[in-house]
Every structure is written in structure tokens, then in C-alpha cells.
Amino acid sequence: MDTLWDNIEKLSAVCRAAGAHLPDEELKALQVGKVAEEADEAMHALHGLKGLTTCNDAHTWSEVQNDLVGAVIAALLAMHDIDPTGARATFDEILHRRTRRGRKASPSA
């Protein structure tokens, strides 16, 4: 069974093939921009869920979650594009560092 990072590597290869005509630095920048685009879609869905759009789009929490997952995937792809061999370790190190405070505050830590 493929792990999350195995799937990210496969998807990255597809994206890189599609953007083969672009310089590497531009592909990286475009992938970082994709993170913002996906997060914006989640925000739009949230606005629709709360009735705050002018286009009468009705949205659900499921749609918000779908767009959030899109943002997460885009972020992992961006990390992989920036450093294909070190993205996993970098992610793990940052996750550990950023969640350390929560682990220390947790009664079960």
C-alpha cells in the first residue's frame, strides 16, 4: 500500500512532466502559489456555507474539507518540489517542532 509520501512523489512526477517546458524555479514558485489557490477555495466554500457569497453558492463542510485536503496536498507537493530527497525529513522535523508545545501541555504527554 502506498504511503502519503509515495503518492506525493508520484503526483509530483506527473506535475513535473506537465511543466517540463518551465524552468525548475518557476515550477517551485507555481506550486507554492497553488497552495494559496487551494486555501482560497476552502475559504470560498466556507463563505458559501455561511451564506456570505453573492452568487448564492451553497456549500457543505464536506466541500470545505475537500478543499483543505487540496491545500495540504499542494503544500506537500511544494515541499517535495523544493527538496525531493529531504521533504519527508523536513516535514517530520517541522511537525515535531511545531507540535512540541502541544505535547508538553497535554496531560498524557
Do [X] and [Y] come within less than 4.5 Å of each other through their side chains, counting heavy atoms only?
X	Y	result
His59	Lys50	no
Arg88	Glu9	yes
Val64	Thr60	no
Arg16	Leu27	yes

Side-chain heavy atoms nearer than 4.5 Å, only ILVMFWY residues, links allowed to pass through others: does that put [X] and [Y] together?
X	Y	answer
Met79	Leu4	yes
Ile94	Leu76	no
Val69	Ile8	yes

Sub-3.5 Å donor-acceptor pair from the side chain of [X] to the main-chain atoms of [Y], do we have one?
X	Y	answer
Glu38	Val35	no
Thr99	Leu95	yes
Asp81	Ala78	no
Gln31	Ala74	yes

To the nearest 0.5 angstrom, please state how far the [atom1] atom of [X] sits from the [atom2] atom of [Y].
X	Y	atom1	atom2	result
Asn66	Trp61	CG	CH2	14.0 Å
Trp5	Leu11	CH2	CG	11.5 Å
Ser12	Ile73	OG	CD1	13.0 Å
Gln65	Glu63	CD	CD	11.0 Å
Leu46	Leu52	CG	CG	8.0 Å

Verify salt bridge (Lys or Arg N to Asp or Glu O under 4.0 Å) between Asp24 and Lys28, making sure each step is shown before the conclusion. CA-CA 6 Å; Asp24 187 56; Lys28 290 176 187 178; 3.4 Å; yes
Looking only at heavy atoms, which two atoms of Ala39 and Ala71 are closest? And how far apart?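 Looking at all heavy atoms of both residues, the closest pair is N-CB, 3.9 Å.
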As a quick check of understanding, evaluate side-chain contact (heavy atoms from CB on, under 4.5 Å) for Leu77 and Lys34, giving each step before the final call. CA-CA 10 Å; Leu77 281 169; Lys34 184 69 175 169; over 6 Å; no
